[in-house]
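Side chains included, hydrogens not; waters and symmetry mates left out as well; all remaining heavy atoms used. All ligand and atom numbering here is 1-based and tracks the order in the structure.
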Amino acid sequence: MNISTNINNPIGFFDSGVGGLTVYAKFREQLPNENCLYYGDTAHLPYGNKSKQELISYARNIMDFFKTKNVKAVVIACNTSSSAAYDAIKDDYDFKIYPIIQCCAKILAEMPIKRLGIFATQATIASGVYELEIKKYNPEMEIYPQSCPNWVNIVETKTQGEAQNIKIIYEDLCRMLVHNPEKIVLGCTHYPYLKGVLSSFSPHYMFIDPADFFVDYIKQDLTKSGLLSSASGNGFEKIYVSANPEQFKTAAEMFYRINDLPELVQEGVLKN
Ligand code: DGL
């Protein structure tokens, strides 16, 4: 951590699109006085089918962008980026970085259950990082990883109510239920948008949104590190996207009301 870091500097959040807002909305609720920046990398959406090298390059660009904004910390509100890019970039910045999977693994591992399902993107599942991190704390837990390749697009286009998409979600859920998991982690920050549909087929308490304890983790760590903002009143927020600001604003509605249209950041500008 840079010695000159001002505790009232902003915290950056990023994801491929609106998914990270499931984390961001909870954060704003718990720590309304923090200044926040959110970056939706919609030009590269979805992250789930990208290579590790591509994902590292996207993450580095966004981290460099946040660096120019003098952030005191960055929250990787994206499981895919946490699984593919965090290890590669974690030592290159002098501010705190909070990757969702690595920060939540211990809490998941300590749940009093034996059989845990993980729904996530293809890239997250292929990385094996969820199992790896959970098994560090609980080698006995049985993990059932499963990718759901269509879900992010369903969320971004806000079409979860359409019959063919309900069918896709139902069939993916059925493939998981064959393993008889006690709980299922929604291991992509977009997936909590589908909780309504999922809960119409299985009890809602089966689905775990890691954002629920991720935000507690960040809050505790900021407190411990003496980085909580000292400001009173509401902190400012600024939302950036790399493409389609209108679509982002519409898709976001379920989790977070955005008043101003997000600012469009061109990729070239990120590097300056
Ligand atoms: N929401 C992200 C995640 O948590 C990325 C989804 C995607 O773009 O494929 O993995």
Legend entry - For ligand 1, the portion of V152 having any non-hydrogen atom under 4.0 Å away: side chain
Inset, instruction - Could you tell me whether a side-chain N or O of T124 sits under 3.5 Å from a main-chain N or O of A120, the two making a donor and an acceptor? - result: no
Inset, instruction - Measure the distance from atom 7 (C) of ligand 1 to every protein heavy atom, then report the residue, atom name and distance (to 0.1 Å) of the closest one. - result: Y47 N, 3.2 Å
Inset, instruction - Output yes when a side-chain donor or acceptor of Y38 lies under 3.5 Å from a complementary backbone atom of L21, and no otherwise. - result: yes
Legend entry - ligand 1 contact on S16 by region, counting heavy-atom pairs under 4.0 Å: side chain
Legend entry - Heavy-atom nearest option to atom 4 (O) of ligand 1, drawn from T124, L186, N79: N79
Inset, instruction - Among Y256, F14, F214, find the one that has a ring-ring contact (aromatic ring centres under 6.0 Å, His included) with Y24. - result: Y256
Inset, instruction - Using atom types as modelled and distance alone, determine if a side-chain donor or acceptor of K72 lies under 3.5 Å from a backbone N or O of K96. - result: no
Legend entry - Distance from atom 9 (O) of ligand 1 to nearest protein heavy atom, with residue and atom: G48 N, 2.8 Å
Legend entry - Nearest neighbour in protein (non-hydrogen) for atom 2 (C) of ligand 1: D15 OD1, 3.0 Å
Legend entry - Contact atoms of ligand 1, heavy-atom distance to T121 under 4.0 Å: 6 (C), 9 (O), 10 (O)
Legend entry - A84 backbone acceptor or donor facing S127 side chain under 3.5 Å: no
Legend entry - Minimum-distance protein heavy atom relative to atom 10 (O) of ligand 1: T80 OG1, 2.5 Å
Inset, instruction - For the residue pair F13 and F27, categorise the inter-ring angle as parallel (less than 30°), tilted (30 to 60°) or perpendicular (more than 60°). - result: perpendicular
